[in-house]
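What follows is a short report on a single structure.
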4 protein chains.
Amino acid sequence: MVGRPRSEQARRAILEAALRLCERDGYPNVTLKGIAEEAGTGRQTLYRWWDTKADLLLEAMTYLVESSRAPSQADLQTFLRETFALADGAVGRVVAGLMAEAQSDPALGERLRARLIGPRRATLRAVLERMPPPPGADLDLLIDMIFGVMWYRLLNRHAPLDASLAEDITTLVARIGASPGPDEERPG
Amino acid sequence: MVGRPRSEQARRAILEAALRLCERDGYPNVTLKGIAEEAGTGRQTLYRWWDTKADLLLEAMTYLVESSRAPSQADLQTFLRETFALADGAVGRVVAGLMAEAQSDPALGERLRARLIGPRRATLRAVLERMPPPPGADLDLLIDMIFGVMWYRLLNRHAPLDASLAEDITTLVARIGASPGPDEERPG
Amino acid sequence: MVGRPRSEQARRAILEAALRLCERDGYPNVTLKGIAEEAGTGRQTLYRWWDTKADLLLEAMTYLVESSRAPSQADLQTFLRETFALADGAVGRVVAGLMAEAQSDPALGERLRARLIGPRRATLRAVLERMPPPPGADLDLLIDMIFGVMWYRLLNRHAPLDASLAEDITTLVARIGASPGPDEERPG
Amino acid sequence: MVGRPRSEQARRAILEAALRLCERDGYPNVTLKGIAEEAGTGRQTLYRWWDTKADLLLEAMTYLVESSRAPSQADLQTFLRETFALADGAVGRVVAGLMAEAQSDPALGERLRARLIGPRRATLRAVLERMPPPPGADLDLLIDMIFGVMWYRLLNRHAPLDASLAEDITTLVARIGASPGPDEERPG
DNA sequence: TCGTAACCGAGACGGTACGTCCCGTCTTGCG
DNA sequence: CGCAAGACGGGACGTACCGTCTCGGTTACGA
């Protein structure tokens, strides 16, 4: 026997309620009880489909990111501008909460990287590799620095995460690309 | 009238218990009740002196960071090596937890910046400014990128936060310093 | 929708635990936390169904009194003997505690009268009214005096609350009945 | 050395504060902390001179009763009217609270009887003994019934504790006195 | 077409941490 | 040494949420 199929309506209501509450109260102040009530759903329905609050929000985030337009890979500055716009909002704050929770839950960290952070990182790598001239061997470090700035500002909020930052980073990357790499001879 | 003075012994016991528990269970799993029991103190003694768990741990972190040797400002690589060593341990994970909590508590973010992040940032700035040749006008962005890498790896754990990273960053900064700045004429 | 029904088992366990603890420690020394632990139940289950400790014990008392044999209304002495036997035990001490608490909680006093004291009083009235010869117009005062003795000895413990008291009161009531009422002519 | 003598001012302030708070909040809601604050005194000063809240209030009650005019022993009705007037106020409610606490503290009951209840009882006995004709052998039971009514109405509040009650009781006692005692021959 | 298995809402269950209040004790400095 | 002040370890308060468990009621197959 198969039984009654999962209610897609309940699933959507839950994810949307979770997002709404995260935006209103902040990720750590959101409770599963609160989500169920906001969604008008039973509590067991949450526990049936998700193991933890983090799992639920991770799915909500994935849905949100994937339903937004795919990041343009045309040039670095555009890509960064789009990425920063996404991070500098509710998504960023929720993902920051997930990231924090992952500090004491390595499995969550793994899923976070696999589903949200990894793909973005791969896209940035592709964009950088396509840039003329290629920025040399330290590509991974370069990626870390670019997304590092993003995370740092996302969390620390000491400076905005905006289009101007995208431009500045693009400029800096160009300078690095133009400069001699550590293993290369300076052009005579 | 004066009343009984605050017990320095209780204060130390609480801070040390908090650190011990954070190391064992991770910041978000630590409870004030647990800290009080671990410290052998009354629960009210915590609430008397600290408003929240975050406040308590922020003080513990400040104490830990300040009681460690002052960061050597001699050269960038040494400074980064020391800083990364500090971040790549219990301190890092706790501060990450605080940072996450600050996402929905701006006042906490303020204190975090004032007490922990700001000073380190100022030191990095001083180190960079003393470097020959100076890295140009984008000093703030450079600082963001360097500490950005640190935060990114601290949270995301996709790559180590070690002496080799300190070296790579130092090398990259040297390359940037050697390259023409955005506002400068390329040397003909 | 309906939800999970109330657990009759938990209800009983709580009432019985409350009685057990009252007997052991005395009503004012009983705590809701202690009852929950003794009953092996969650603390919230108490708060869900009873507003206060007094409410809970009032229900336990009502249950105890009603589950004991209905007071025999045959003659005054038997009724008093049974009533005193009930009062001169755990029930009495708990009800005394409730009565004391009712001093600063009029609503509790109301419920106490409605559920425990009133019915007993009505029965005594019925018993007295059926007595030949009827004790005259001051029936209410007579009831107050009879139950007054009971309460006085229950609380003050200066003299026993036993069958001999029941007998003495019965004798005295007979004397009063035999004597001329205040509004009557003395027999010439 | 003898040290500083006890401050009579503090003692009075404490007793008066205790009475004030009992009147305002009811005996069981009064705390020693609250009394100390209301009295503008240190908490240790309370614990130095009284063992418990009950002890303190017992002293306050004794003070209050003794400072009121000594009960007139002229005739029963006047004595009862005065006694009821005292009981039907703050004193009554506080003593009821003490009585309740005494249910699980026999030593307190002892002191309560020795200091407050016993003396009054002795006076009532003297008044009754002086009445012509003497009410016979059941004097103790009669006392219990008279004060029983008082306690019953004090606690249960189902009827007033006033001058009219004093009159009714006096009338009833007269009837009992006029009736033949249980051990006596009816007058031929 | 009808049973039945799995879903759904509601909400009670045993737990546990929260932040507050008071307990009774202690440790200051002043009088 | 008494006293006001007030911190200390301890413990109960009432609340909120956890994750689990029953309920009655509702689909949507497959026998």
Side-chain angles (χ1 to χ4, degrees), chain A residues 1-11 13 29-37 39-49 51-53, chain B residues 1-11 13 29-37 39-49 51-53, chain C residues 1-11 13 29-37 39-49 51-53, chain D residues 1-11 13 29-37 39-49 51-53:
Chain A
M1 290 284 175
V2 281
R4 178 178 180 174
R6 176 175 184 181
S7 158
E8 183 59 24
Q9 181 184 334
R11 181 178 161 275
N29 299 323
V30 169
T31 69
L32 288 176
K33 185 173 186 283
I35 294 173
E37 281 166 3
T41 189
R43 205 126 60 85
Q44 198 58 38
T45 303
L46 274 72
Y47 287 105
R48 208 187 325 271
W49 301 111
D51 284 342
T52 63
K53 178 173 75 164
Chain B
M1 293 289 173
V2 280
R4 179 176 176 174
R6 175 175 185 181
S7 159
E8 183 58 26
Q9 180 184 331
R11 182 178 159 275
N29 299 321
V30 169
T31 68
L32 287 175
K33 185 173 187 283
I35 294 173
E37 281 166 3
T41 188
R43 205 130 59 89
Q44 194 59 42
T45 301
L46 273 73
Y47 289 106
R48 208 187 325 273
W49 301 111
D51 284 342
T52 61
K53 178 173 75 164
Chain C
M1 294 284 176
V2 281
R4 179 175 177 173
R6 176 174 183 181
S7 159
E8 184 59 25
Q9 180 184 331
R11 182 178 159 275
N29 298 323
V30 169
T31 67
L32 288 176
K33 185 174 187 283
I35 295 174
E37 281 166 4
T41 189
R43 205 132 59 87
Q44 193 60 42
T45 301
L46 275 73
Y47 289 106
R48 205 185 331 268
W49 300 110
D51 284 342
T52 62
K53 177 173 75 164
Chain D
M1 289 284 177
V2 282
R4 180 177 176 175
R6 175 175 183 181
S7 157
E8 183 59 24
Q9 180 185 332
R11 179 177 162 277
N29 299 324
V30 169
T31 69
L32 288 176
K33 186 172 183 284
I35 295 173
E37 280 167 4
T41 187
R43 204 128 56 88
Q44 197 58 39
T45 302
L46 273 74
Y47 287 104
R48 210 191 322 275
W49 302 110
D51 283 343
T52 62
K53 178 174 76 165

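Model, not experiment: these values are computed from the prediction. Proteins get letters first, then strands, A, B, ... in listed order; numbering begins at 1 in each.
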(request) Please state how far atom CD in B/E37 lies from atom P in E/dT16, giving the value in whole angstrom units. (result) 11 Å
(message) Closest approach to the side chain of B/A10, judged atom by atom: which nucleotide of F/dC8, E/dG19, F/dG19 is it?
(response) F/dC8
(request) Return the nearest nucleotide to the side chain of A/R6; candidates are E/dC8, E/dC23, F/dC8. (result) E/dC8
(message) Side-chain N or O of C/W49 versus OP1/OP2 of E/dC13: is the shortest distance under 4.0 Å?
(response) yes
(request) Could you check how far CG of A/D51 sits from C1' of F/dT20, rounded to whole Å? (result) 14 Å
(message) Between P on E/dA10 and CZ on C/R48, what's the gap in Å once rounded to a whole number?
(response) 17 Å
(message) Rounding to an integer number of Å, can you tell me how far A/I35 CD1 sits from F/dC17 C1'?
(response) 12 Å
(message) Whole angstroms only, please: what is the CG-P distance between A/N29 and F/dA16?
(response) 15 Å
(request) For D/E8, look at atom CD and say whether over 12 heavy atoms of other residues, nucleotides or ligands are found less than 6.0 Å away. (result) yes
(request) Tell me, please, whether D/W49 has D/R6 positioned over its six-membered ring: NZ or CZ under 6.0 Å from the ring centre and within 45 degrees of its axis? (result) yes
(request) Taking all non-hydrogen atoms of both residues into account, name the closest pair between C/V30 and C/K53 and its distance. (result) O-NZ, 3.0 Å
(message) Distance check, rounded to the nearest 0.5 Å: C/L46 atom CG versus C/T52 atom OG1?
(response) 11.0 Å
(request) Please figure out whether B/V30 or C/E8 has its closest DNA chain E nucleotide nearer the 5' end. (result) C/E8
(request) Please state whether the base of E/dG11 and the side chain of A/R43 form at least one donor-acceptor pair under 3.5 Å? (result) no
(message) Can you tell me how far apart CG (A/D51) and OH (A/Y47) are? Round to the nearest 0.5 Å.
(response) 11.0 Å
(request) Rounded to the nearest angstrom, tell me the gap between atom CG in A/L46 and atom P in E/dA10. (result) 13 Å
(request) With DNA chain F as reference, determine whether C/K53 or C/V2 sits nearer its 5' end, using the nearest nucleotide of each. (result) C/K53
(message) Does D/G40 reach a base, just sugar-phosphate, or nothing at all? Heavy atoms under 4.0 Å.
(response) sugar-phosphate
(message) On the nucleotide E/dA12, are OP1 or OP2 found under 4.0 Å from the side-chain N or O atoms that C/T45 carries?
(response) no
(message) Between P on F/dC17 and OH on A/Y47, what's the gap in Å once rounded to a whole number?
(response) 11 Å
(request) In whole angstrom, give the distance that lies between atom CD of B/Q9 and atom C1' of F/dA7. (result) 13 Å
(request) Look at the side chain of B/Q44 against the base of F/dC8 and say whether a donor-acceptor pair falls under 3.5 Å; ignore hydrogens and angles. (result) no
(message) Using heavy-atom distances to pick each residue's nearest nucleotide on DNA chain E, tell me which of D/L32 and C/G3 is more 5'.
(response) C/G3
(message) Can you identify which nucleotide, out of F/dC8, F/dA4, E/dA12, has its nearest atom closest to the C/R4 side chain?
(response) E/dA12
(request) Identify which nucleotide among E/dC18, E/dT27, E/dC13 has an atom closest to any side-chain atom of B/K33, counting heavy atoms from C-beta outward. (result) E/dC18
(request) Give, for atom CZ of D/R43 and atom OG1 of D/T31, the distance between the pair rounded to the nearest 0.5 Å. (result) 8.5 Å
(message) The side chain of A/S7 is closest to which nucleotide in this list: F/dA7, E/dC8, E/dA17?
(response) E/dC8
